[in-house]
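Here it is: the structure, laid out below.
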Amino acid sequence: MPTSRFEPVELGTRPTMAFGTKQTMAGLSFVAPHNVSVGTATAVTVLISTPAAGIYHLRGQVQADKAGTWTFSKNPNTSGGTAITAANANQQSTTTDTLTLTHTATYVSAGTVLVNGLVGADTGPVSLCADDANGDGEWILAASTLYLVRFVAGAAATNVIVTLRPWRES
């Protein structure tokens, strides 16, 4: 019986895999975490700037050990920040992410809020697609556009984790 990367192999069938898994194998899937502790009413910001070329899909989540509110918005009035380096999910690949990701961006206004939500104390990660119970939801981002994930802590010494999982089509 022939061996294959696709398990199990059944005679007369064609092996398949999820498209996201295929992109990881191709070195086109990335992980960009940001973890910070903030005080009451302090905002955690992660700014995403998409390149002019390429189609990016975004999965992501917000998690905190204490309650707070968050938004995911398009075309915010914000700039700057400290670079976040995204790791390639295929550690054998040398392909780098072409999104520009920063944290602690200077914030003026949200722009168009695409989704907003609440995080309860230790409720676990909340998808950036908000109503996505199984975590499979994703956004397809527009080219040459800014996006912002912003969490505002409701208590002192709140540990916040924003994890972005972008992948591009080619």
Side-chain angles (χ1 to χ4, degrees), residues 20 23 28-89 95-170:
Q23 296 310 89
L28 298 172
S29 182
F30 304 90
V31 179
H34 176 56
N35 185 351
V36 65
S37 184
V38 296
T40 306
T42 303
V44 174
T45 57
V46 176
L47 186 62
I48 305 161
S49 178
T50 59
I55 299 173
Y56 267 96
H57 296 242
L58 178 66
R59 290 182 180 179
Q61 61 192 34
V62 177
Q63 184 174 3
D65 64 350
K66 297 181 181 145
T69 60
W70 63 272
T71 56
F72 178 58
S73 60
K74 180 178 179 180
N75 296 320
N77 185 352
T78 187
S79 62
T82 303
I84 298 173
T85 302
N88 194 311
T95 303
T96 57
D97 191 7
T98 57
L99 288 177
T100 301
L101 305 171
T102 60
H103 67 83
T104 320
T106 302
Y107 175 82
V108 177
S109 64
T112 303
V113 174
L114 300 173
V115 69
N116 51 37
L118 300 170
V119 172
D122 289 325
T123 58
V126 178
S127 169
L128 291 181
C129 289
D131 60 350
D132 178 35
N134 63 7
D136 287 340
E138 63 187 25
W139 293 95
I140 299 175
L141 305 179
S144 301
T145 304
L146 290 177
Y147 293 90
L148 180 70
V149 178
R150 185 171 189 259
F151 175 89
V152 178
T158 301
N159 190 41
V160 182
I161 303 170
V162 176
T163 305
L164 303 178
R165 292 184 177 82
W167 58 275
R168 66 178 193 251
E169 290 188 9
S170 59

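One is the number of the first residue; the rest follow in order along the sequence. Values reported hereafter were calculated over all heavy atoms of this structure, with side chains retained and with hydrogens, waters and symmetry mates removed.
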(request) Using a 4.5 Å cut-off on heavy atoms from C-beta on, say whether the side chain of His103 contacts that of Thr45. (result) no

(message) Restricting to non-hydrogen atoms, name the atom on Ala105 and the atom on Gly80 that form the minimum distance, rounded to 0.1 Å.
(response) CB-O, 3.6 Å

(message) Let me confirm one number: the CD-NE2 distance from Glu138 to His57, rounded to the nearest 0.5 Å.
(response)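 Taking CD in Glu138 and NE2 in His57, the distance rounds to 5.5 Å.
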
(message) For a quick test of reading the model, state the closest non-hydrogen atom pair linking Trp167 to Ser29 and the distance between them.
(response)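 Between these two residues, the closest heavy atoms are CB-CA, 3.7 Å.
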
(request) Name all residues meeting the side chain to side chain contact (heavy atoms under 4.5 Å, CB included) criterion together with Ala155; count only those two or more places apart in sequence or in a different chain, and write none if there are none. (result)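 Checked Ala155 against side chain to side chain contact (heavy atoms under 4.5 Å, CB included); matches are Lys66, Thr158.
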
(request) Taking the side chain as every heavy atom from C-beta outward, state whether Thr102 and Thr82 have any atom pair closer than 4.5 Å. (result)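 No, their side chains stay 4.5 Å or more apart.
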
(request) Identify the residue among Thr145, Asp97, Ile140, Ile48 that makes a side-chain contact (heavy atoms from CB on, under 4.5 Å) with Tyr56. (result)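 One option only clears the test, and that one is Asp97.
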
(request) List in chain and number order the residues that pass ring pair (Phe, Tyr, Trp, His ring centres under 6.0 Å) with Phe72, two or more places apart in sequence or in another chain; answer none if no residue qualifies. (result)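 Residues passing ring pair (Phe, Tyr, Trp, His ring centres under 6.0 Å) with Phe72: Trp139, Tyr147.
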
(request) Return yes if some donor-acceptor pair links the side-chain N/O of Thr40 with the main-chain N/O of Ala156 below 3.5 Å, else return no. (result) yes

(request) Looking only at non-hydrogen atoms, find the nearest pair between Arg165 and Leu58 and report the distance. (result) N-CD1, 4.1 Å

(request) For Trp70 and Val152, run side chain to side chain contact (heavy atoms under 4.5 Å, CB included): C-alpha distance rounded to whole Å, both residues' side-chain angles, the deciding distance at 0.1 Å, then the answer. (result) CA-CA 6 Å; Trp70 63 272; Val152 178; over 6 Å; no

(message) Using modelled atom types and a 3.5 Å cut-off, is there a donor and acceptor pairing between side-chain atoms of Thr78 and backbone atoms of Thr106?
(response)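 Answer holds: yes.
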
(request) Mind listing the closest non-hydrogen atom pair of Thr50 and Ser144 along with its distance? (result) OG1-N, 3.0 Å

(message) Quick one, Thr69 and Asn116 - any side-chain contact, counting heavy atoms below 4.5 Å?
(response)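 The answer is no; the side chains never approach within 4.5 Å.
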
(message) Are the side chains of Pro33 and Val162 in contact, using a 4.5 Å heavy-atom criterion?
(response)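 Of all side-chain heavy-atom pairs linking Pro33 with Val162, none is under 4.5 Å.
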
(message) When you compare the side chain of Val62 with that of Val119, does any pair of heavy atoms fall below 4.5 Å?
(response) yes

(request) Enter the distance from Asn88:CG to Leu28:CG here, rounded to the nearest 0.5 Å. (result)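 Asn88 CG to Leu28 CG: 7.5 Å, rounded to 0.5 Å.
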
(message) Donor-acceptor pair, distance only, cut-off 3.5 Å: does the side chain of Glu169 make one with the backbone of Gly54?
(response)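 Answer holds: no.
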
(request) Would you name the heavy atoms of Ala142 and Lys74 that are closest together and state the gap between them? (result)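 Answer, listing the atom of Ala142 first, then Lys74: CB-NZ, 4.4 Å.
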
(message) Using every non-hydrogen atom in the two residues, find where Ala110 and Ser73 come nearest and quote the distance to one decimal.
(response)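 What the structure gives for the nearest pair is O-OG, 2.7 Å.
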
(message) I'd like to know if the side chain of Asn159 reaches the main chain of Asp65, judged simply by a donor and an acceptor atom lying under 3.5 Å from each other, with no hydrogens or angles considered.
(response) no

(request) May I ask you to test the Phe151-Val46 pair for a side-chain heavy-atom distance under 4.5 Å? (result)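 Not in contact.
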
(request) Kindly indicate whether the side chain of Tyr107, heavy atoms from C-beta on, has any atom under 4.5 Å from the side chain of Leu47. (result)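 No, too far: nothing below the 4.5 Å cut-off.
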
(message) Exactly one of Leu164, Thr71, Val115 should register a side-chain contact (heavy atoms from CB on, under 4.5 Å) with Leu128. Which one does?
(response)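 Answer to the side-chain contact (heavy atoms from CB on, under 4.5 Å) test with Leu128 among Leu164, Thr71, Val115: Leu164.
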
